[in-house]
Amino acid sequence: MLSLSAVLLALVVAVITAQYFKLQWSRRLYPPGPTPLPIIGNLWTLGFELRHETLMKLAKTYGNTFTLWLGQSPAIVLNGCQAIRNALVAHSEEMAGRPATPIFERLSRGKGVVFTSGQMWKQQRRFSLVTLRNLGLGKKSLEGQIYEDAQTLVETFASNKGIAVDPAPILFHSAANVISSVVFGHRFSSDDKTFHQFIEGTNYTARFLGSVWAMLFDAFPWLMERLPGPHQTVFRLNEFQSRFVEEEIESHRKNGLPEEPQDFIDFYLTQLLKGSDDATTTFDQDNLIRIVIELFGASMELNTATINWLLLYMMTKPDIQEKVQKELDAVLGDSQVIQYEDRKRLPYTNAVIHEIQRYCNIQGIGLLRQVVKEVSLLEYTIGKGTIIIPNLPSSMCDPDFWKTPHQFNPENFLDKEGHFVTTEAFLPFSAAGNYIPWKEIQVTGLRMCLGEQLARTELFIFFTSLLKAFTFRIPEGVKDINMDYIFGSTLQPHTYKICAIPR
């Protein structure tokens, strides 16, 4: 007579076997890809991390459009410029959704813009874009504020008097104060410990979201909720950030709303009053809190990482740094105020900034999409709910579009006459909205980054201000510098120290 353990073992084997054959049968509906295993799909193949290098290697075997199984969920990977644009640009509406993965659901609770879809996403996104425009994005007024923050950044570096420092905390605080003035209407002191904790929450979460722990949570949420680990730290930090924003909102309410809104919270609270009797409105305080956290994440993480990489490369490539400085001196001279419009007169400097974004792949693979309406892709019919993985770095090193795709070379963005040029393969933010002027961007339909224009302006003014004021050098005695990245939702450089020598 069979023992109970033998019966249970046979039952488990039967379930796994049935699951295996079910997966193999389902695979015929999707583009080819590596064979998935029961329960975990292709997570083992990926090493439980969505790294762009792994996806590019798989593309060599299965083609630029292939299928991975994230547990039991099929996900179509787009590799290379043409595959990405043929899907996300040609079918932008059909692929405008965002998958409700367990980790994102746990953090956002179905609120905000970045991780939502449908009517809520459209309504909140439209309001956010219009409000950011009203607050000065793309206008000289906000550029002036960014320039003031850039001068504060210069003063902070100058106070170190050439002594080697870690630039990351300085850059994080400066970037945080730019978005803080837009969202809260004021800046925070560098000694404000509570604000530093809020910033650290953004930084820690960004690193966590690309980790093995995040993928394990998505695969086994019911189990991970009950286990200790860095995900529990992320949840605590998320709650702290929510309380921090809530206190700012209550402060705005206590002080009374001005006749002319001065910041994002003012505009949103005014909208809440207007729509209080509308049963179809999606405007509420939880959405406001989430959008504020998302704006900080989008603005701070990308810009801090980019400038951090820029300083690292200027320090290790003094010949390129010298060319940038010569161009700045020749074009701007003793000009007191740097404007975003100046980039048109600084082709080499502009090329260096773009090359850092291209070569360092700062955003990694980008946020996942989801099919919201059945769509034809290649010879396949992709059903509603299918996850789409746009491997953005594969476009940024596509040999069909770049002179030296696997080398750091500002010439990738310069023509023979030295004029700045770019291509459709340059996708540092996403495959939507990247080539549309700010004033012409539609406020419905596309998955563009809310903070894209702010990030571009801030990045240019911060970098040029720093290079005008300092020459950045490797600290004396330092020989080995780690040029690899730290994997996360953004790819940050490893900690390093730098000497800012006044010019």
Please determine whether the number of non-hydrogen atoms from other residues, nucleotides or ligands lying under 6.0 Å from atom NZ of Lys403 exceeds 12. yes

Would you give the length of the straight line joining atom OG1 of Thr304 to atom CZ of Phe172, rounded to the nearest 0.5 angstrom? 4.5 Å

By salt bridge (charged side-chain N to carboxylate O under 4.0 Å, His left out), Glu53 pairs with (sequence neighbours left out) none

Here the gap from Leu459 atom CG to Leu302 atom CG, rounded to the nearest 0.5 Å, amounts to 9.5 Å

Between Gln357 and Ile362, is there a donor-acceptor pair closer than 3.5 Å when you use the side chain of the first and the backbone of the second? no

Give a yes or no on whether the backbone of Ala425 and the side-chain of Ser395 come within a donor-acceptor separation of less than 3.5 Å. yes

Quick one: pull up OG1 in Thr495 and CG in Asn482 and give me the separation to the nearest 0.5 Å. 9.5 Å

Trp402 vs Phe413 aromatic rings, parallel, tilted or perpendicular, using cut-offs 30° and 60°? tilted

Mark yes when over 12 heavy atoms from residues, nucleotides or ligands other than Arg28 sit less than 6.0 Å from its CZ; otherwise mark no. yes

Asp415 (side chain) donor-acceptor with Gly418 (main chain) under 3.5 angstrom: yes

Would you call Thr67 and Pro32 a side-chain contact if the rule is heavy atoms closer than 4.5 Å? no

Donor-acceptor contact below 3.5 Å, side chain Arg125 vs main chain Val113: no

Check whether the side chains of Thr282 and Gln124 place a donor and an acceptor atom closer than 3.5 Å, and report yes or no. yes

Is it true that Arg85 and Glu424 make a salt bridge, defined as a side-chain N closer than 4.0 Å to a carboxylate O? yes

Quick one: does any side-chain atom of Thr386 pair with a main-chain N or O of Ile382 as donor and acceptor, under 3.5 Å? no

What pair of heavy atoms forms the shortest contact from His91 to Ser376, and how long is it? NE2-O, 3.6 Å

Do Ser394 side-chain atoms and Asn79 backbone N/O form a donor-acceptor pair below 3.5 Å? no

Taking the ring of Phe420 and the ring of Tyr348, is the distance between their centroids below 6.0 Å? no

Restricting to non-hydrogen atoms, name the atom on His354 and the atom on Asn350 that form the minimum distance, rounded to 0.1 Å. ND1-O, 2.8 Å

N/O donor-acceptor pair under 3.5 Å between Asn238 side chain and Leu107 backbone: yes

Test ring pair (Phe, Tyr, Trp, His ring centres under 6.0 Å) on Phe240 and Phe198 and set out the steps. CA-CA 7 Å; Phe240 170 81; Phe198 179 80; 7.3 Å; no

Using modelled atom types and a 3.5 Å cut-off, is there a donor and acceptor pairing between side-chain atoms of Glu327 and backbone atoms of Thr349? yes

Rounded distance [0.5 Å steps], OG1 in Thr404 versus CG in Asn412: 4.0 Å

For the ring pair Tyr30 and Tyr380, is the centre-to-centre distance below 6.0 Å? no

If you round to the nearest 0.5 Å, how far is OG of Ser108 from CD1 of Ile289? 13.0 Å

Closest non-hydrogen atom pair, Phe115 against Arg98: CA-CG, 3.7 Å

Have a look at Arg290 and tell me which of Gln241, Arg109, Lys111 forms a side chain to side chain contact (heavy atoms under 4.5 Å, CB included) with it. Lys111

Do we see a donor-acceptor contact under 3.5 Å between the side chains of Tyr359 and Asn409? no

Donor-acceptor side-chain pairing of Thr54 and Arg51 below 3.5 angstrom: no

Is the CG atom of Asp480 crowded by more than 12 outside heavy atoms at less than 6.0 Å? no

Is it true that a side-chain atom of Tyr496 and a backbone atom of Asn308 form a donor plus acceptor pair closer than 3.5 Å? yes

If I take atom CD1 from residue Ile387 and atom CG from residue Leu68, how far apart are they, to the nearest 0.5 angstrom? 10.5 Å

Please evaluate residues Glu301 and Gln363 with respect to the criterion side-chain hydrogen bond (donor to acceptor under 3.5 Å, both in side chains), reporting the C-alpha separation (whole Å), side-chain torsions for both, the decisive distance (0.1 Å), and the verdict. CA-CA 9 Å; Glu301 282 299 315; Gln363 187 164 288; over 6 Å; no

For residues Ser180 and Phe296, report the shortest heavy-atom separation together with the two atoms involved. CA-CZ, 3.7 Å

Check residues 204-223 and write down every donor-acceptor pair under 3.5 Å in which the side-chain atom is one partner and the other belongs to a residue at least two apart or another chain.
unit_1	atom_1	unit_2	atom_2	d
Thr205	OG1	Gly201	O	2.7
Ser211	OG	Phe208	O	2.6
Ser211	OG	Trp213	N	3.4
Ser211	OG	Ala214	N	3.4
Asp218	OD1	Ile103	N	2.8

Evaluate side-chain contact (heavy atoms from CB on, under 4.5 Å) for Ile291 paired with Val114, printing each intermediate quantity in order. CA-CA 8 Å; Ile291 292 172; Val114 177; over 6 Å; no

Is His231 reaching over with its side chain to a backbone N or O of Met224, donor-acceptor style, under 3.5 angstrom? yes

Arg106 bridged to Glu225 by N-O distance under 4.0 Å: yes

Identify each donor-acceptor pair in which a side-chain atom of residues 37-47 lies under 3.5 Å from a protein atom, sequence neighbours left out, and give them as a table.
unit_1	atom_1	unit_2	atom_2	d
Asn42	OD1	Trp69	N	2.7
Asn42	ND2	Pro34	O	3.3
Asn42	ND2	Thr35	O	3.2

State plainly whether the residues Arg358 and Glu355 are in salt-bridge range, i.e. N to O under 4.0 Å. yes

Of all heavy-atom pairs linking Phe66 and Gly33, the shortest is CB-CA, 4.5 Å

Grab the two heavy atoms, one from Asn303 and one from Glu458, that are nearest each other, plus how far apart they are. ND2-CD, 3.0 Å

Parallel, tilted or perpendicular for His173 and His196, by the 30°/60° rule? parallel

